[in-house]
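See structure below.
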Amino acid sequence: MTNEWCGWREATERALYGPDSGFYTRPGGPGPAGHFRTSVHVSPLYAGAVATLLCRVDAALGHPEELALVDVGAGRGELLTGVLAALPAEVSARVRPYAVERAARPQGLDPRIDWRGELPAPGSVTGLLFANEWLDNVPVEVVETDDDGVPRRVLVRADGTERLGEPVDGADAEWLRRWWAPPLAPDATGGGSPGLRAEIGRPRDEAWARAVRTLRAGLAVAADYAHERGDRPLFGTLTGFRDGREVHPVPDGSCDITAHVALDACAGPSAERLTQRAALHALGVDGRRPPLALAASDPSGYVRALGAAGSAAELTDPAGLGGFGWLLEPVGTACAGLLGAGGAA
């Protein structure tokens, strides 16, 4: 891998998706589950909730002859596998599952799953597009304010060494002004504070818009680490993960490289935003403990219910996975408001 200076977007692209050596594309690698725990890996309840949402989309669309389920950033197909197992037979018979993933198709995957490296063509499918922790792995540029408070691109080498490059300009500068302005805004002396960092989410906005356009009608959902314009982190969120631990981000292919998503910037005019906690509650995932009376009448059932309640509590914990952002973007009017979302919650 080259050790030349480049922006974080280019370096991350090579580190995560480079042929043969990329963190996600390396042949024989364990996939995301080998390094960090997403909602998909916490419990089958998550796939069950997505199955419930797909059934609502199906009903809203009038039960189309073919119902698409597009999993963007499919990992090793765990979510699709779980959703297919949770669907009622009548719905499952009409589902066309797509896995969009740059890694190779894993062995033993359900043959019904259409595994592909790119999104379906624009306007070609009807149904639900779901992107769980995909946007946080769309590479972005990182910027830092210099001693004069001027935002400059951060250049990096494969060993993780950084230096400041040219000032941010053009469309990236406009994105910063619109979506990350408060922390990086000039102060009364004319310059901003030195040492502040940000990630320019414009590539994610564009990637999400492309994903939404694959739908002819239906609902697109992104679930991810997120922050809002009024509460951007002062020093950015770029980080790495390896073997279940957060590590310093080094773009050499040895670790995941990720940063939180400005979902408010990605959102289209008809989009709704809410927390994962609110979304899963609306889909029937509840972390309340089962009644103690069940322990006497059905001990095995009580243990099962207790385990499910624990998993549900983890998925909906507002200080953890429950604090994730969900962005719901309907295509057409039929699938608006399926979770009763009235905005961020």
Side-chain angles (χ1 to χ4, degrees), residues 13 17 24-25 40 47 50-51 53-84 87 91-92 94-105 109-110 112-140 201-224 226 261-263 265-273 279 325-339 341:
E13 177 69 26
Y17 307 114
Y24 285 118
T25 54
V40 176
V50 177
L53 180 58
L54 180 61
C55 289
R56 293 187 187 181
V57 169
D58 180 48
L61 293 173
H63 309 290
E65 183 176 339
E66 180 176 286
L67 179 68
L69 173 58
V70 184
D71 182 6
V72 188
R76 296 300 183 266
E78 300 97 330
L79 179 60
L80 281 176
T81 299
V83 173
L84 290 173
L87 286 173
V91 178
S92 180
R94 292 182 288 107
V95 166
R96 173 78 182 276
Y98 297 85
V100 182
E101 176 58 63
R102 294 171 71 170
R105 182 188 185 100
L109 194 67
D110 190 318
R112 291 177 292 173
I113 296 175
D114 182 346
W115 192 273
R116 52 178 62 199
E118 297 181 351
L119 289 161
S124 64
V125 300
T126 296
L128 174 65
L129 179 144
F130 201 90
N132 183 71
E133 294 195 42
W134 167 57
L135 287 172
D136 67 283
N137 282 133
V138 173
V140 293
R202 192 167 60 88
R204 293 168 173 178
D205 301 352
E206 295 168 354
W208 179 243
R210 286 196 302 272
V212 173
R213 285 198 299 270
T214 65
L215 292 174
R216 183 183 309 112
L219 181 68
V221 179
D224 229 312
V261 183
L263 284 178
C266 296
S270 63
E272 300 170 300
R273 288 182 290 118
W326 276 40
L327 171 63
L328 296 88
E329 193 138 354
V331 177
T333 59
C335 292
L338 291 184
L339 297 188

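Since this is a predicted model, take the numbers as computed values, not measurements.
Counting heavy atoms from C-beta outward, P97 and D71 have side chains that stay 4.5 Å or more apart. Contact of the V125 side chain with the L215 side chain is registered, since non-hydrogen atoms from C-beta on lie closer than 4.5 Å. Put simply, the side chain of D224 does not reach to within 4.5 Å of the side chain of L327, judged on heavy atoms. A heavy-atom distance below 4.5 Å is found between the side chains of W326 and L339. The side-chain heavy atoms of D110 and L80, taken from C-beta on, include no pair separated by under 4.5 Å. Counting heavy atoms from C-beta on, the side chains of R204 and V261 come closer than 4.5 Å. When side chains are defined from C-beta on, L54 counts as touching V95, because their heavy atoms get closer than 4.5 Å. Using a 4.5 Å heavy-atom cutoff, the side chains of V212 and L129 are not in contact.
When every heavy atom of T126 is checked against every heavy atom of P64, the shortest pair comes out as CG2-CG, 4.5 Å. A pairwise comparison of heavy atoms in P120 and S124 identifies CB-OG, 3.5 Å as the closest pair. Residue G73 comes nearest to E101 through the heavy atom pair C-OE1, 3.4 Å, listed as atom of the first residue, atom of the second, then distance. Across all non-hydrogen atoms, the minimal contact from G201 to V140 is CA-CG1, 4.2 Å. Counting all heavy atoms, side chain and backbone alike, A99 lies closest to A74 at CB-CB, 3.7 Å. Minimum interatomic distance between W115 and G75 (heavy atoms only, all atoms of both residues): CH2-O, 3.4 Å.
Using a 4.0 Å cut-off between charged side-chain N and carboxylate O, E66 and R216 make no salt bridge.
Atom-to-atom distance recorded for I113:CD1 and R96:CZ is 12.0 Å, nearest 0.5 angstrom. How far CZ of R76 is from OG1 of T81: 12.5 Å, rounded to the nearest 0.5 Å. Atom CG of L69 sits about 12.0 Å away from atom CG of D114, to the nearest 0.5 Å. In this structure, CZ in R210 is found 7.5 Å from CG in L119, a value given to the nearest 0.5 Å. The CG atom of D58 sits 9.0 Å away from the CG atom of L87 when rounded to the nearest 0.5 Å. Taking CD of E329 as the reference point, atom CZ of R213 lies at 11.0 Å (rounded to 0.5 Å).
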Next item on the list: Decide side chain to side chain contact (heavy atoms under 4.5 Å, CB included) for V50 and L128; before the verdict, give the C-alpha distance in whole Å, the side-chain angles of both, and the deciding distance to 0.1 Å.
Entry: CA-CA 9 Å; V50 177; L128 174 65; 4.1 Å; yes
Checklist line | Check against side chain to side chain contact (heavy atoms under 4.5 Å, CB included), N137 and Y24 | finding: CA-CA 10 Å; N137 282 133; Y24 285 118; 3.0 Å; yes
Check: W134 and V100: side chain to side chain contact (heavy atoms under 4.5 Å, CB included), yes or no, with the steps?
Finding: CA-CA 10 Å; W134 167 57; V100 182; over 6 Å; no
